[in-house]
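Throughout, protein chains are lettered first and strands after them, A, B, ... in sequence-line order, and every chain is numbered starting at 1.
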Amino acid sequence: MVGGLMKFPGISTKLLNISIDSLCKFRNLEKAESLIIDGIRLGILPNVITYNTLIKGYSRFIGIDEAYAVTRRMREAGIKPNVATYNSLISGASRNLMLNRVLQLFDEMLQSGLSPDMWSYNTLMSCYFKLGKHGEAFRILHQDIHLAGLCPGVDTYNILLDALCKSGHTDNAIELFKDLKSRVKPELMTYNILINGLCKSRRVNSAIWMLRELKKSGYTPNAVTYTTMLKLYFKTKRFEKGRRLFWKMKEEGYTFDGYANCAVVSALIKTGKAEEAYECMKELVRSGTRSQDIVSYNTLLNLYFKDGNLDAVDDLLDEIDRKGLKPDDYTHTIIVHGLLSVGYTAGAEKHLACMGKMGMNPSVVTCNCLIDGLCKAGHVDRAMRLFESMEVKDEFTYTSVVHNLCKDARLVCASKLLLSCYNKGMKIPSSARRAVLSGLRMTVSYQAARKTHQKIKAAIECDTLMYP
DNA sequence: CTAGGGTTAG
């Protein structure tokens with residue numbers, strides 16, 4: 001291949017870069033690098049783009065250190081890193097939420113006399129947002145960008161709008177959207193971000209209004225738009241509407257990547273329609289998308305468990321392994337929950353222990369499942385031991401534990417935990433409160449229930465909370 | 001750099 005490039009001096013580096021790019025896209029980084037070396041031997045000199053492409057690949061698929069190591073080889077080859085080089089490194093660091101690394105690279109870029117561009121600032125800003133450091137992110141937006149003589153572009157606003165939506169400030173996002181239209185032209189992605197934010201906060205009418213705005217601006221909804229609306233329909237239990245939309249998506253070729261199929265299948269599983277779910281999954285298997293990512297496998301795995309098809313589960317786990325896919329938090333949760341649902345409590349516990357041995361940290365959700373399952377199987381003490389060992393706990397953890405403690409008549413413990421939730425300002429469903437209060441009334445005393453009710457009132461600073 | 005799919009309690 002490289003030999004052939006020699007016949008076209010002048011464009012040979014361009015062709016080399018194209019080859020490098022496609023190799024990198026398919027994670028063939030070693031091959032890409034050996035192609036560079038072959039090229040040099042044949043007199044085809046790599047340029048800054050060649051190395052930047054390689055760095056982008058390393059930073060995306062391997063690691064930031066490995067990507068950085070390429071910059072050293074690049075310098076040895078007499079090529080100086082440019083802003084794009086640093087941007088690739090910075091985005092790799094940002095993807096892994098390595099803020100210090102991002103800042104360090106920024107410094108290094110400045111010290112080598114390079115000026116960060118809008119892309120660099122966008123990445124930095126999005127890293128701050130992803131870490132929940134909104135103040136810092138806004139400082140980049142309102143100060144640093146202007147000090148650098150740059151102007152926020154539509155991409156900058158996309159990042160900002162998405163962060164606002166994801167942190168529950170959908171109203172601010174809408175406000176900003178109305179305001180920014182005078183400065184930049186919203187992209188299709190801008191609309192999708194907002195529609196998604198509105199759907200997630202269940203603002204159905206606003207989402208539909210935004211969809212109309214999207215069309216009014218001359219854009220055509222794409223697979224992302226439709227998948228977002230599809231989820232909204234399922235969430236609001238408008239199954240017929242969802243079914244019709246999915247049908248339309250299939251007809252118009254919007255289901256090529258399997259995203260919509262996964263959404264539909266999980267909705268079908270939740271409504272107990274395993275048959276239809278299998279039907280919908282078949283298509284995914286046929287299209288080959290299934291072989292590409294763990295999400296489709298997780299969906300299918302969940303389906304097999306819910307259907308009690310444990311042989312298929314076994315086969316599928318083997319297949320995941322064979323394909324070299326990496327099980328993620330969802331996979332582990334589905335396995336633990338699935339084992340519990342078929343009554344195999346010991347297996348679920350074993351799975352968690354295995355994860356620990358392999359150096360994996362089970363997620364909060366995985367632990368929540370096991371806690372709940374252990375309680376329901378009558379092992380409340382073991383569940384409580386796991387509960388106490390958890391570093392991160394969420395609403396689900398507490399809700400489940402409180403309910404299960406009530407069922408087990410451990411009211412003192414349950415009411416203590418419930419109160420700690422209110423004191424932390426944690427949102428906990430009122431069903432948990434009712435379970436504790438009625439439990440106290442039944443098994444302790446009416447006075448104890450009243451007293452706890454008073455404490456809850458004080459904790460949430462509310463006088464009108466009715467005593468059930 | 002930025003948008004959509006998959007997991008848990010009641």
Practice item. Take A:Lys248 and A:Tyr254 through the test side-chain hydrogen bond (donor to acceptor under 3.5 Å, both in side chains) and record every step on the way to the result. Key: CA-CA 8 Å; A:Lys248 181 182 144 124; A:Tyr254 285 115; over 6 Å; no
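- Out of B:dT2, B:dA3, B:dT7, the shortest distance to the side chain of A:Ser126 is found at B:dT2.
- Using a 5.5 Å limit on the distance between ring centres and a 30° limit on the angle between planes, the aromatic ring of A:Phe396 does not count as stacked on the six-membered base ring of B:dA9.
- Taking atom CZ of A:Phe177 as the reference point, atom C1' of B:dA3 lies 14 Å away to the nearest angstrom.
- The distance between atom CG of A:Leu188 and atom C1' of B:dG4, rounded to the nearest whole Å, is 11 Å.
- Checking B:dG5, B:dA3, B:dT7 against every side-chain atom of A:Val224, the shortest atom distance belongs to B:dA3.
- Distance A:Ile294 CD1 to B:dT7 P: 14 Å, rounded to the nearest Å.
- The nearest whole Å value for the distance from the CG atom in A:Leu150 to the P atom in B:dC1 is 18 Å.
- A straight line from OH of A:Tyr254 to C1' of B:dG4 spans 13 Å, rounded to a whole angstrom.
- Between A:Ser91 and B:dC1 there is a side-chain N or O to OP1 or OP2 distance below 4.0 Å.
- Note on A:Lys306: only backbone sugar-phosphate atoms sit closer than 4.0 angstrom, heavy atoms only; bases stay farther off.
- Among B:dT7, B:dG10, B:dG5, the nucleotide with an atom closest to any side-chain atom of A:Val295 is B:dG5.
- Nucleic acid contact for A:Asp155: base, since at least one base atom lies under 4.0 Å from a heavy atom of the residue.
- Between A:Lys270 atom NZ and B:dT8 atom C1' the separation is 11 Å, expressed in whole Å.
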**Study point:** Full working for salt bridge (Lys or Arg N to Asp or Glu O under 4.0 Å) between A:Lys166 and A:Asp162
**Key:** CA-CA 6 Å; A:Lys166 298 232 157 98; A:Asp162 193 48; 3.0 Å; yes
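- To the nearest angstrom, P of B:dT7 lies 11 Å from CG of A:Leu303.
- Nearest nucleotide to the A:Ile193 side chain, out of B:dA9, B:dA3, B:dG10: B:dA3.
- For the pair A:Ile269 CD1 and B:dT7 P, the computed distance is 7 Å after rounding to whole Å.
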Check your understanding: Does the salt bridge (Lys or Arg N to Asp or Glu O under 4.0 Å) test come out yes or no for A:Asp318 and A:Arg322, once each step is laid out?
Key -> CA-CA 6 Å; A:Asp318 281 341; A:Arg322 268 204 312 279; 5.4 Å; no
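- Within 4.0 Å of A:Ala260, counting heavy atoms only, lies no atom of the nucleic acid at all.
- A:Tyr68 has its ring centre no less than 6.0 Å from the ring centre of A:Tyr58.
- Put simply, the side chain of A:Asp257 and the base of B:dG4 share a donor and an acceptor less than 3.5 Å apart.
- If you check every strand for non-hydrogen atoms under 4.0 Å, A:Asn261 touches nothing.
- Between B:dT2 and A:Asn122, no contact under 4.0 Å exists linking OP1 or OP2 to a side-chain N or O.
- Heavy atoms of A:Thr123 sit under 4.0 angstrom from primed sugar atoms or phosphate atoms, though from no base atom.
- Using a 4.0 Å cut-off, no side-chain N or O of A:Arg95 falls inside it from OP1 or OP2 of B:dT2.
- Among the atoms of the strands shown, base atoms are found under 4.0 Å from some heavy atom of A:Asn222.
- Comparing B:dT7, B:dG5, B:dG10 by their nearest atom to the side chain of A:Tyr259 picks out B:dG5.
- Note: A:His134 and A:Phe129 have perpendicular aromatic rings, judged against thresholds of 30 and 60 degrees for the angle between ring planes.
- Set against B:dG5, B:dG10, B:dT7, the side chain of A:Val365 has B:dT7 as its closest nucleotide.
- Of the candidates B:dT7, B:dT2, B:dA9, B:dT2 carries the atom nearest the A:Asp162 side chain, counting heavy atoms from C-beta on.
- At least one side-chain nitrogen or oxygen of A:Lys166 sits closer than 4.0 Å to the OP1 or OP2 atom of B:dG4.
- For A:Ser400 against B:dG10, no side-chain N or O and base N or O form a donor-acceptor pair under 3.5 Å.
- Between A:Asp321 and A:Lys326 there is no salt bridge, since no side-chain N of the basic residue sits under 4.0 Å from a carboxylate O of the acidic one.
- Side-chain proximity of A:Asn196 to B:dT2, B:dG10, B:dG4: nearest is B:dG4.
- Taking 4.0 angstrom as the limit, A:Lys231 places a side-chain polar atom (N or O) nearer than this to OP1 or OP2 of B:dG5.
- Out of B:dC1, B:dA9, B:dG5, the shortest distance to the side chain of A:Asp372 is found at B:dA9.
- Nearest nucleotide to the A:Lys376 side chain, out of B:dG10, B:dT8, B:dG5: B:dG10.
- Few gaps surround CD on A:Glu252; more than 12 heavy atoms of other groups in view lie less than 6.0 Å from it.
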